[in-house]
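Reviewing the structure listed below.
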Amino acid sequence: MRTTKLVEDVTINLLRMAVTSLPEDVLTALRLAEEEETSEIARIQLRTILANVEMADRRTLPMCQDTGLPVFFVSGRCIPHLEEAVRRGVARATSEIPLRPNAVQPLTRANPGDNLGKGMPHIHFHPSDEDFTEITVMPKGAGSENMSALSMLNPSQGAKGIKAFVLDTVVAAGGKPCPPTIVGVGIGGTADEAMLLAKKSLLRRLDVPNKDPDLRRLEEELKDALNSSGIGPMGLGGQTTVLGVLIEDAFTHTASLPVAICLQCWASRRASARIFKDGHVEYSKEGFC
Amino acid sequence: MSEKDARQLKSGDTVTLDGLIFSGRDEMHIRALEYAREGRKLPYDLRGGVIFHCGPIMKKVNGHWNVVAAGPTTSSRMNTMEPEFIERFGVRAIIGKGGMSQPTVDAMVKFGCVYLAFTGGAAVLGAEGIVEVKGVEWLDLGMPEAMWELAVKGFGPMTVAIDAHGNSLYKEVDAKVTKNVAVAKKKLGLLG
């Protein structure tokens with residue numbers, strides 16, 4: 001029972017950390033963009049973002065009214081009844097922080113008001129032999145999530161096909177996903193796995209380079225191309241359309257080349273915690289990797 | 001806001017707003033248009049008013065609603081409804097993010113309305129500009145989708161992104177983006 005209460009409290013703490021303050025790598029990228037922008041309207045957007053983030057952090061208030069859907073990644077040691085504890089934490093966080101009640105039934109649009117429902121919150125489990133349980137939350141706003149895309153390319157389309165799909169998708173999204181965005185790309189796997197890879201790629205710090213040199217090059221090429229587009233902050237023009245492109249890959253079928261895109265708004269909110277067997281907890285906004 | 005006020009604004013101007021605004025997004029637009037088609041009156045008279053594409057976070061303290069966070073939502077979701085909304089209710093300004101499609105721009109020109117872009121996600125700054133939650137209607141639609149009546153002071157900064165003369169920053173940016181993306185694709189060897 002004690003452990004489930006702990007998980008419930010950790011869930012609330014993680015959600016509060018995530019929605020009220022940005023990870024350092026994202027803040028640094030936004031500050032750099034503000035310094036380098038030449039368009040006045042673009043600079044106003046970035047300054048407004050930075051002023052807003054600073055105010056949210058100081059007052060422990062949600063930086064954006066869209067506190068997203070609560071998406072969780074849980075790995076490591078298994079804790080019994082963890083799902084129930086996370087659910088209780090989400091409901092309490094919704095009234096205590098508060099979070100916006102975003103979760104609705106998809107057809108009737110009925111809103112129970114506590115961000116809980118069938119399949120909600122989303123929890124992705126990856127059990128392993130660690131001596132701790134790691135919980136990461138990524139509150140995902142709809143403005144950026146609505147611009148998600150999947151393409152089952154022909155293998156013959158190769159890297160060129162991937163580049164064209166990413167460019168076309170981000171350009172078509174324009175100002176809608178709240179640029180400067182972070183572009184998560186999943187390559188390979190099955191259709192659903194590609195989508196999950198795209199979302200998980202958004203958990204990597206912007207200042208941690210991809211371990212795979214080919215993917216690193218692809219990330220850099222796409223970032224430069226997207227920032228040359230001129231979409232700019234909020235789609236009002238400028239040189240900062242994306243803060244980064246993050247790619248994850250997995251082996252796929254010899255006849256397939258799935259490519260998935262998950263866009264993240266500038267408010268790239270995330271927070272992680274490790275719960276150890278003895279009950280002590282370590283927190284990190286940026287993540288432990 | 002009068003038609004003259006709206007028509008005086010030029011795309012690219014930076015503005016702040018004092019007065020009364022109403023929040024409204026997908027569900028509020030759907031219901032308001034249903035009411036109008038059935039000849040029913042809306043709970044608020046929107047003529048000369050300002051619509052804020054926003055689903056705020058509100059908290060009830062001692063029986064009174066307080067605003068916690070209120071930034072703009074993606075306006076394009078209202079694209080199919082906004083031209084009729086502008087025509088029927090005579091609103092003079094729409095606050096949102098990301099811009100709106102040509103039929104809405106056409107309605108803005110015809111009836112005298114502007115689009116004010118507020119920085120997406122700037123919800124604490126938005127709440128700072130809201131001095132009082134005057135009221136709420138249609139709360140059965142859920143907190144984000146309800147129609148909130150908000151008194152604002154120094155609300156902004158906002159950019160006039162579409163003016164009542166058909167000038168649109170989004171169109172200007174689009175034209176540049178098309179050219180730039182062609183260059184980028186050529187550089188990446190994606191053309192031909």
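Keep in mind that the numbers below use all heavy atoms, side chains included, and drop hydrogens, waters and symmetry copies. Each chain gets a letter, A, B and so on, in the order its sequence line appears, and its residues count up from 1.
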Nearest atoms (heavy-atom pairs only) where [X] meets [Y]:
X: A:Pro98; Y: B:Ile57; answer: CG-CG2, 3.7 Å
X: B:Ala117; Y: A:Leu236; answer: CB-CD1, 4.2 Å
X: B:Pro144; Y: A:Asn102; answer: CG-OD1, 4.5 Å
X: A:Pro62; Y: B:Ala69; answer: O-CB, 3.9 Å
X: B:Val181; Y: A:Ser229; answer: CG2-CB, 4.0 Å

* Does A:Arg100 have any salt bridge (Lys or Arg N to Asp or Glu O under 4.0 Å) partners at least two apart in sequence or in another chain, and if so, which? ->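 Checked A:Arg100 against salt bridge (Lys or Arg N to Asp or Glu O under 4.0 Å); matches are A:Asp66.
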
Select one option (side chain, backbone, both, neither) describing which atoms of [X] are under 4.5 Å from chain A's heavy atoms.
X: B:Ser75; value: neither
X: B:Glu172; value: neither
X: B:Val124; value: both
X: B:Pro56; value: backbone

* Apply the test side-chain contact (heavy atoms from CB on, under 4.5 Å) to residues A:Arg59 and B:Glu128: give CA-CA distance (whole Å), side-chain angles for both, the deciding distance (0.1 Å), then the verdict. => CA-CA 12 Å; A:Arg59 300 186 193 166; B:Glu128 185 79 358; 2.9 Å; yes

Taking every non-hydrogen pair under 4.5 Å, which of [options] racks up the most with chain A?
options: B:Gly156, B:Pro157, B:Ala122, B:Ala182; result: B:Ala122
options: B:Gly126, B:Cys54, B:Gly55; result: B:Gly55
options: B:Val177, B:Val68, B:Asp140; result: B:Val177

* Do the side chain of A:Gln65 and the main chain of B:Gly71 share a donor and acceptor less than 3.5 angstrom apart? ->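 Yes.
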
* Examine distances only and state if a side-chain atom of A:Trp266 and a backbone atom of B:Gly121 form a donor-acceptor pair shorter than 3.5 Å. =>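 Here the side-chain-to-backbone pair does not exist.
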
* Under the ring-ring contact (aromatic ring centres under 6.0 Å, His included) test, residues paired with B:Phe52 that sit two or more places apart ->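 B:Phe52: ring-ring contact (aromatic ring centres under 6.0 Å, His included) contacts with B:Phe155.
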
Point-to-point distance, once rounded to the nearest 0.5 Å, from [atom1] of [X] to [atom2] of [Y]:
X: A:Cys265; Y: B:Lys97; atom1: SG; atom2: NZ; result: 8.0 Å
X: B:Thr74; Y: A:Met147; atom1: OG1; atom2: CE; result: 6.5 Å
X: B:Lys59; Y: A:Ser95; atom1: NZ; atom2: OG; result: 7.0 Å
X: B:Leu190; Y: A:Phe165; atom1: CG; atom2: CZ; result: 14.0 Å
X: B:Met143; Y: A:Asn111; atom1: CE; atom2: CG; result: 8.5 Å
X: B:Leu188; Y: A:Glu221; atom1: CG; atom2: CD; result: 5.5 Å

* Asked: Applying a criterion of heavy atom separation less than 4.5 Å, what residues of residues 166-179 of chain A form contacts with chain B?
  ->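 Residues in range: A:Leu167, A:Asp168, A:Val171, A:Gly175, A:Lys176, A:Cys178.
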
* Just checking heavy atoms, which of residues 31-54 of chain A are less than 4.5 Å from chain B? ->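 If one takes a 4.5 Å heavy-atom cut-off, the residues of residues 31-54 of chain A near chain B are A:Ile41, A:Ile44, A:Gln45, A:Thr48, A:Ile49, A:Asn52.
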
* To do: Would you mind telling me which of A:Pro101, A:Ala159, A:Gly238, A:Gly232 has the largest number of heavy-atom pairs within less than 4.5 Å of chain B?
  =>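 The answer is A:Pro101.
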
Chain B contact via [X] - which portion, at a heavy-atom distance below 4.5 Å:
X: A:Ala267; result: neither
X: A:Leu99; result: backbone
X: A:Thr241; result: neither

* State whether the number of non-hydrogen atoms from other residues, nucleotides or ligands found under 6.0 Å of A:Lys285 atom NZ is greater than 12. =>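 Yes, NZ of A:Lys285 has more than 12 neighbouring heavy atoms, counting only those of other groups under 6.0 Å.
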
* Asked: Is any side-chain heavy atom of A:Ser228 less than 4.5 Å from a side-chain heavy atom of B:Val183?
  ->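 Sidechains of B:Val183 and A:Ser228: no contact.
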
